[in-house]
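Before any comments, here is the structure.
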Amino acid sequence: MLTARRRFAPAAVLTALLTSVAGPALAAPHNVILFVADGLRYGSVTPQTAPEMAAVKAGGVDFVNSHAMYPTLTTVNASALATGHGIGDTGDFANSAFAGQPPLPSVNPGLVAAYEDDVVQGDMNARFAPSYLDEETVLAAARGAGLQTAAIGKIGPTAIQDVTARDGVSTIVVDDATGHPEFGGLPLAPEIAKALKDTGLGTQAPDRGLNQDPGSYNRSGVIRANVEQQDWFTDVATKVVLPRFAKNGKPFVMVFWSRDPDGTQHAQGDSLNELVPGINGETSLAAVKNADNDLARIRQALKAQGLDQTTDVVVVADHGFSTISRQSATSAAGKMLFPLDVKAGFLPSGFLAIDLSKALGLKLNDSYGLDVDLKGGFHPRDGGALLGDPAKPDVIIAANGGSDLMWLPQADAKTLAPKIVEALIAEDYISAVFVDDRLGSIPGTLPTSAIGLKGAAITPEPAIVVSFKSFSTGCADPLMCAAENADTPLQQGQGIHGSLSRADTRNFMAAVGPDFKAGFRDTAPVSNADIGATLARLLGLSIAPKGKLIARVAEEALAGGPEAPTATRREVSSAPAAGGFVTVLRQQELDGHAYYDSAGAPGRVVTGEP
Ligand SMILES: [Zn+2]
C-alpha cells in the first residue's frame with residue numbers, strides 16, 4: 001500500500017499528484033525509472049565515454065562502493081533488483097541452472113534451464129507456483145498499489161521484474177520476443193499494440209542484426225553495437241509508454257533493460273584469441289555509448305512530458321565484466337584437440353565437466369543426456385553436463401561463464417562432494433569453491449551460506465559453486481583490464497562475467513531525482529538487492545517478505561538522509577586443503593548485511609586491492 005512518506009516534494013507537485021491518486025493516501029510517490037545497463041563496469045563511465053550516465057552520477061548520487069550479487073550473472077541480479085532480496089531467497093542461482101526433475105517442458109529432455117527466456121520462466125512459475133522467485137517483486141507491488149508499470153528491454157531480466165505478469169495487461173512487458181509467438185513472446189495489450197501501430201513502430205521487436213553473431217575460434221565476432229534493436233525499445237519507451245503514463249497521470253515505475261554493453265562485450269570481434277584489448281576495444285566502447293544514448297533519449301522524453309522534476313532515475317548495471325582467458329596448464333581438457341571449434345591448446349567449453357568426468361571416472365553426457373564423443377572432437381557445447389548415468393546423474397553441471405554450479409541429486413552426495421572438491425582444487429583455473437552447508441565442512445571450501453546462497457529459496461539449491469581464476473592483464477585499474485577463465489563457447493579475448501572477482505562484482509550505479517541527494521558520493525556498500533529495497537521504499541510500498549535475506553535501504557543516498565555509514569571489512573578464510581588450497585572471501589559488513597567483494601585463493605583473483 002502507499003504510505004505517507006514523501007518528505008521534500010514541492011507542494012505544487014504533491015497537489016498535482018494527489019488529485020490523480022485514488023484512495024486515502026496522503027501523498028503519492030514520485031515516478032521511478034530503473035535503467036539497467038547490462039554488464040556496465042563502474043570504470044566504463046566517463047564524461048567522454050558515457051556523458052549522460054556521467055551527468056547522472058555527478059548531479060545525483062555516485063555509488064562508489066557498488067556491488068553486484070554473486071553469482072555475477074544477469075538473471076541472478078535481475079531477481080535481486082526485482083525483489084530487494086538476496087539470492088538465497090530468490091532462488092535464481094544462475095542464468096543456467098538445474099530446475100529439478102522431471103525436465104521442464106521447454107527444455108525437455110535437458111536438465112539445465114536457461115532463465116533468459118520467457119517460456120522457461122513460465123515453466124518455472126508453473127512448477128513453483130505462483131512464481132519461482134517466491135517473493136513479490138517491486139513492480140508487482142507497485143501495480144497492486146495502483147501505479148502504472150512497465151518493463152522494456154532484454155529478454156529474461158525484463159520479464160523477471162514482474163515475473164507473474166504475463167498477460168500484457170497488468171504490466172506492460174516488451175522484450176526481444178515481443179510479437180514473436182515462435183519465441184514464446186508475451187502478449188501486448190490491444191491498446192498498446194494499437195499505439196505502437198499508430199506511432200509507426202510496428203508490434204514486432206527487431207532482432208540484433210549485425211550485433212548477433214559472436215564468430216568462432218577463427219572468425220572475429222561483431223564490430224557493431226546493438227543499435228537498431230535498442231532504438232526500437234527506446235522508441236517504445238519514449239513514444240508510447242511514457243506519453244501514455246503522463247496522460248493517465250498516475251505515478252509510474254518503468255524498468256528499461258539495455259542489453260548493451262553486455263551483449264556486445266560478449267560477442268565483440270576486436271580481440272580474437274588475444275587478451276588485449278579484450279573488452280576495451282572500439283566495439284565495446286560503442287556499446288557503452290549506445291546504452292548512454294538510450295538513457296539520454298529517455299531523460300529527454302521525461303522532460304518533454306513534463307515529468308523530469310517528479311521522476312527518480314536510477315541507473316545500475318547488473319554486474320561487471322572481464323575478458324575471457326581460455327588457458328590452463330593443468331586441465332586435461334585443455335590438452336585435447338577439438339578441431340571443429342576450439343583453437344589448439346585452448347580450453348573447450350565444458351572443460352570442467354570433462355576434467356571432473358576423468359577424475360571421478362564418471363561417464364560424460366551433455367546436459368541433454370547425450371553421449372559426448374571426446375575422441376571425435378566433441379565437447380559439451382554449452383558447457384553443461386550430466387556425469388554418470390544420464391537417467392540418474394551423479395553430478396549435474398551448469399556452466400555460467402566465470403562460475404560453474406553443480407547439483408548432486410543422489411543419496412551419496414556427502415561422500416561424492418569431497419572427491420569433487422579434491423579434483424577441482426588440483427586445477428589452476430579454480431579460484432574459489434563453495435559447498436552447501438548440508439554436505440558438511442570440506443577443507444579448502446567455504447559454505448554456500450557464507451556468500452548468501454542459503455535462504456528461503458524454493459528452487460533446487462546448488463551443492464557446489466566454483467568461481468574461476470581471474471587476473472589483471474596489466475593496466476592502472478585492474479578492475480578495468482581483468483581476464484578470467486570461463487566456461488562458455490565464446491573465444492579468448494571476448495567478454496564474460498559470473499566470477500567472484502571484484503572486476504565482476506563492481507558494477508556501475510548512480511541515481512538522480514527528487515528523492516535523491518544531489519552531488520553526493522555514497523561510500524557505503526550498496527548492492528543490487530539494496531537498490532530493489534530502496535526503490536520499494538521510494539514508492540512507499542510495503543511488501544511482505546517470505547525469506548530473511550532482506551536488503552538494506554540506502555537511506556544515506558536519499559534526500560534528507562544521514563551521512564554514509566562506515567562498513568567493516570573482513571576476510572574469511574577456509575581451512576586449508578591437504579595441498580594448501582584455501583578459499584579467501586573478502587567482504588564488507590554493514591548493519592547485519594554482507595557485501596561480497598571477491599573470493600579466491602591468493603594470487604588467483606582480482607581483488608581490486610593494491
Ligand atoms: Zn547481464
Side-chain angles (χ1 to χ4, degrees), residues 34-45 53 66-82 87 90 92-97 114-118 120-121 151-161 163 175-176 208 211-212 214 222 225-226 229-230 233 255-268 279 284 287-288 290-292 294-295 314-324 398-403 405 467 479 482 484 486-490 494-509 527-529 531-532:
L34 173 62
F35 184 98
V36 184
D38 202 304
L40 181 67
R41 292 170 288 170
Y42 181 86
S44 289
V45 174
M53 293 180 198
S66 57
H67 287 78
M69 314 298 288
Y70 180 73
T72 49
L73 300 162
T74 300
T75 63
V76 173
N77 279 278
S79 77
L81 287 164
I87 306 311
T90 69
D92 193 319
F93 293 108
N95 285 349
S96 292
Y115 295 168
E116 287 185 332
D117 186 307
D118 294 338
V120 169
Q121 286 176 24
I152 300 169
K154 173 176 169 175
I155 191 168
T158 292
I160 284 174
Q161 300 309 309
V163 72
D175 64 22
D176 302 45
R208 292 168 63 188
N211 184 249
Q212 180 87 46
V222 304
N226 190 31
Q229 189 192 52
Q230 293 193 193
F233 287 137
V255 179
F256 186 95
W257 201 290
S258 165
R259 183 183 286 276
D260 265 341
D262 174 283
T264 302
Q265 289 173 166
H266 277 307
Q268 49 78 20
I279 53 169
S284 297
V288 171
N290 186 37
D292 196 67
D294 292 345
L295 176 66
V314 179
V315 184
V316 303
D318 47 351
H319 48 75
F321 237 83
S322 300
T323 295
I324 297 169
N400 282 276
S403 285
L405 286 76
S467 175
L479 301 188
E484 72 194 30
D487 205 350
T488 164
L490 295 168
Q494 293 186 312
I496 201 70
H497 50 90
S499 83
L500 191 31
S501 84
R502 190 65 180 124
D504 285 355
T505 63
R506 181 82 158 109
N507 54 334
F508 182 74
M509 209 182 256
S527 73
N528 277 336
I531 293 293

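Quick note: residue numbers are just sequence positions, from 1. One-based numbering, in listed order, for ligands and for the atoms of each.
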Worksheet item: If you look at Asp318, which of its N/O/S atoms is nearest to the Zn ion (ligand 1)?
Response: OD2
Worksheet item: Hey, what's the angle at the Zn ion (ligand 1) spanning NE2 (His319) and OD1 (Asp38), nearest 10 degrees?
Response: 110°
Practice prompt. Please say whether the positively charged group of Arg506, taken as NZ for Lys or CZ for Arg, lies over the ring of Tyr42, i.e. under 6.0 angstrom from the six-membered ring centre and within 45 degrees of the axis.
Written response: yes
Fill in: Donor on one side chain, acceptor on other, Ser403 and Tyr70, under 3.5 Å
yes
Discussion item. At a threshold of 2.8 Å, where the distance has to be below it, does the Zn ion (ligand 1) have an N, O or S atom of Thr74 nearby?
Written reply: yes
Item to complete: Hey, can you tell me if His497 and Phe321 have their rings parallel, tilted or perpendicular (30° and 60° cut-offs)?
Response: tilted
Item to complete: Go through the steps to decide whether Asp487 and Asn400 satisfy the test side-chain hydrogen bond (donor to acceptor under 3.5 Å, both in side chains), and finish with yes or no.
Response: CA-CA 6 Å; Asp487 205 350; Asn400 282 276; over 6 Å; no
